[in-house]
Amino acid sequence: MKVLVVNSGSSSIKYQVFGMPEGDVLCKGLLERIGEGASHLVHSVKDKKSETTAPVANHEDGMKLILATLTDKENGVVKDIHEIQAVGHRVVHGGEAFTGSVLINDAVIKTITDYCDLAPLHNPPNLTGIKATMAVLGSIPQVACFDTAFHQTIPEHAYLYAIPHKLYEEHKIRRYGFHGTSHRYVTERAQEMLGKKDINIITCHLGNGCSMTAVKDGKSVDTTMGLTPLEGLVMGTRSGDIDPAIIFHLADSLKMPLKDINTMLNKKSGLIGISGLSNDMRNLDEEAKKGNKKAALAISIFAYRVRKYIGAYMAVLNHLDGIVFTGGIGENNAQLRVEMCGNLDFWGIAIDTAKNTAPSRTERIVSTDASRVKIMVIPTDEEKAIAHDTYDLCMD
Ligand code: ADP
């Protein structure tokens, strides 16, 4: 069975085709600049890349171009589009309605639409992608996988904010958490690696967006992102935790419009805000090595925030089996892993320098054999998780 996985953004569609149940990637691609005149599609089958530039007015036309590419004689992976038997969609916000992935029907579409208020930047383009795929592929099963679903096991005392309770009751203002598909995927891999289901781990997804999750007995019990992805860790362009009074100070004393504060906290803060240079950790590493003090400062603030949450989540979990690093930074930046968990020897946690720095792209344990807690590097694969959910729901 072939499953198409779609991640639809406001002007882009990312996709992969999987051969299931094996989970083999048959092809992947990214269509960008939808509705901007000249759209650009990069499509890869194994190491062979092909590129197309064409005007694509909207997501429906985008899906048509992608399907034409999938059936293309030279670069395609299916002879007939009907070989694609199901589609899995990434959907950012499932609110309290979804604790797992679901087959999409009218009621599901309505609920995702209702949650557009809580995720105005993400749910509308996700919905556009679902509707475009339905328009083009007709009635094959489609599945929605929610970034929030894995975190629906977080208990009330951890998901409620200490603001008037009415705001939760009437407006559902609470911590939801995101990156759930990634935290769940690495948790399942860690269960496999540690040989048991009931694991207590801290998962650190450190990419452009960053979040950490406390996982107890294989279930999320707390996470750093909140009502929106802005809370928690320092990220590429997001501030993470700040004193909320900063917003009133900026608005009242400095007369900064709320819209600008919103943009500043989401797009101009974090690594780029502190360094003034880049949101990309690789660039900051290079600049810091050349002696740039602000680049070095941005890196140390980033690492300190992660370390602080490791401490917090150790207190939440008490018994701890592992700390998992994933995402572009978590998987690849050995030096940062040392800064984030190199001073935990009091708790008997020790990173192994040789294992930590060995070049590898696979799942591995980088702590010493004597370490009480395993420090693990697990490459995330949200698309594969979505493909498996889609397959499982279609086989039910
Ligand atoms: P996204 O969250 O957009 O999916 P990634 O998970 O790719 O992004 O993470 C992007 C971050 O990971 C950037 O800060 C980048 O510098 C860092 N990164 C990605 N690949 C590497 C690498 N090979 N070595 C070091 N850092 C990397």
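Order of appearance sets the numbers: ligands from 1, and atoms from 1 within every ligand. Hydrogens, waters and symmetry mates play no part in the numbers below; they use all other heavy atoms, side chains included.
A cation-pi arrangement is found for K172 relative to Y168, the charged atom lying closer than 6.0 Å to the ring centre and inside a 45° cone about the ring normal. A cation-pi contact links R174 to Y176, judged by a cut-off of 6.0 Å to the six-membered ring centre and 45° from its axis.
Between K374 and D321 no salt bridge is recorded (no basic side-chain N to carboxylate O distance below 4.0 Å). In summary, D389 and R184 engage in a salt bridge, as defined by a charged side-chain N under 4.0 Å from a carboxylate O. Using a 4.0 Å cut-off between charged side-chain N and carboxylate O, R175 and D222 make a salt bridge.
Ring planes of H93 and Y115: parallel class, angle under 30° (limits at 30 and 60°).
For S269 and S239, the side-chain atoms include no donor-acceptor pair closer than 3.5 Å.
Considering N208, L206, D280 only, the shortest heavy-atom separation from atom 13 (C) of ligand 1 involves D280. Between atom 20 (N) of ligand 1 and the options T326, N332, N283, N279, the minimum heavy-atom separation is to N332.
Among protein heavy atoms, atom 26 (N) of ligand 1 sits closest to R282 CG, 3.4 Å. For atom 6 (O) of ligand 1, the closest heavy atom belonging to the protein is G328 N, 2.9 Å. Ranking the protein heavy atoms by distance from atom 9 (O) of ligand 1 puts G207 CA, 3.3 Å first. Closest to atom 14 (O) of ligand 1, if we only count protein heavy atoms, is M281 N, 2.9 Å.
Residue-ligand proximity: I329 is placed with a non-hydrogen atom under 4.0 Å from ligand 1.
Per-atom contact check: atom 2 (O) of ligand 1 touches the protein, criterion being a heavy-atom distance below 4.0 Å.
Those atoms of ligand 1 with a heavy atom of G209 less than 4.0 angstrom away are 2 (O).
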